[in-house]
Amino acid sequence: MSPSFALLVADDPACFADAAARKFIELLEASDRPLVTLPTGLTPQGFYRALVMNYADRRDCWEGLRFIALDEYCGLPANDDRLFSSWLKRAVLDPLCIRNRYLFDSAADPEQEIVRMQSLLEKVGPIDIAVLGLGANGHIAFNEPGTVFSSSIHVADLAPDTIKANARYWGREDLVPPKGMTLGLSDLSGARHTILLVTGSSKADVLKKALQGPVTTAVPASYLQKLTNVTVIADHAAAELL
Ligand code: PGA
């Protein structure tokens, strides 16, 4: 493994959640009004529960935190339960009273919305702490395979693998919105600290490619090899090929 990564391998889901929460709090404690982005998906759920259960009273951490959305579907109404922003509000933003929120407006014209978010990020960025999940196809947020490393905030066509994976939230593949808006790989490359959360044997192969394979747009997460200050938190199943 590249020496620029710190790798924490957790023995069980509770240890994974605790390790992620502890690392995140440690970074928050060392930051002043940090700009933070957070992932959706199955992987971070225990992490969010650990934050809410163990650190909800850390108002010093939450009051100054500025949250910027990592990605969002296009074309949903503002209050749709399936928006990533709705999911994050329920799981973490509301329970921890994180009030400073920069969100994508899913219902807006996507091209105008990315221009708005780009100029917003120019004003409020760079990102201090990026917490990320890893797609089974190597994506990071909606930076799907083939996305150039220099990409800024953009509209993305969801890859067929992503649509298939996300169908579990929509009931059927053809109901999954085909387009999303996402922070780009250049925005994420500028993050001062990155925490990558990965669990399960189905991610073992792609995690190895991301961290130890060629740096290639075919595996968007391989951009992480160009960064310093990356902490990978994985379970044994995901880390078994490293
Ligand atoms: P998952 O999603 O945590 O549900 O596996 C990760 C991702 O697609 O980024």
Side-chain angles (χ1 to χ4, degrees), residues 8 10 12-14 16-17 19-21 23-24 36-51 68-74 81-88 90-92 104 127 129-147 151 153-154 156-171 173 175-185 187-189 191 194-211 217-224 230-241:
L8 303 178
D12 58 43
F16 176 83
K23 181 67 195 175
F24 185 59
V36 173
T37 193
L38 296 170
T40 49
L42 289 178
T43 310
Q45 292 190 5
F47 162 57
Y48 295 138
R49 280 195 297 271
L51 289 179
I68 185 162
L70 182 59
D71 52 3
E72 186 58 273
Y73 292 115
C74 292
D81 279 350
R82 295 160 302 185
L83 284 167
F84 289 161
S85 61
S86 302
W87 194 94
L88 282 164
R90 289 192 296 272
V92 69
F104 288 105
I127 294 166
I129 307 168
V131 185
L132 304 172
L134 176 65
N137 68 351
H139 75 200
I140 292 284
F142 282 144
N143 292 280
E144 299 284 18
T147 307
S151 61
I153 297 176
H154 61 279
D157 291 318
L158 273 58
D161 289 339
T162 302
I163 290 179
K164 208 173 277 178
N166 290 8
R168 61 188 171 213
Y169 304 112
W170 295 83
E173 274 179 43
L175 298 178
V176 179
K179 284 184 186 292
M181 294 173 279
T182 184
L183 299 187
L185 294 174
D187 307 312
L188 295 170
S189 297
T194 300
I195 300 175
L196 181 70
L197 302 178
V198 194
T199 56
S201 56
S202 64
K203 300 278 179 73
D205 185 52
V206 73
L207 182 60
K208 182 176 174 62
K209 283 187 183 143
L211 301 183
T217 58
V219 183
S222 64
Y223 87 94
L224 292 166
V230 177
T231 302
V232 178
I233 304 178
D235 63 5
H236 284 285
E240 74 185 339
L241 300 179

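Residue numbers run from 1 in the order of the sequence given. Atoms within a ligand are numbered from 1 in the order they appear, just like the ligands themselves.
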Does Val206 have any side-chain contact (heavy atoms from CB on, under 4.5 Å) partners at least two apart in sequence or in another chain, and if so, which? Leu134, Lys203

Are a donor atom and an acceptor atom from the side chains of His154 and Thr182 found within less than 3.5 Å of each other? no

Is it true that Ser201 and Glu240 share a donor-acceptor pair across their side chains at a distance under 3.5 Å? no

Trp170 versus Tyr73, side-chain donor and acceptor atoms under 3.5 Å: yes

Sub-3.5 Å donor-acceptor pair from the side chain of Glu173 to the main-chain atoms of Lys164, do we have one? no

Ligand 1: which residues have a non-hydrogen atom closer than 4.0 Å? Gly41, Leu42, Thr43, Gly133, Leu134, Gly135, His139, Arg168, Lys203

Using the side-chain contact (heavy atoms from CB on, under 4.5 Å) rule, pick out the option among Leu8, Val198, Thr43 that qualifies with Phe16. Thr43

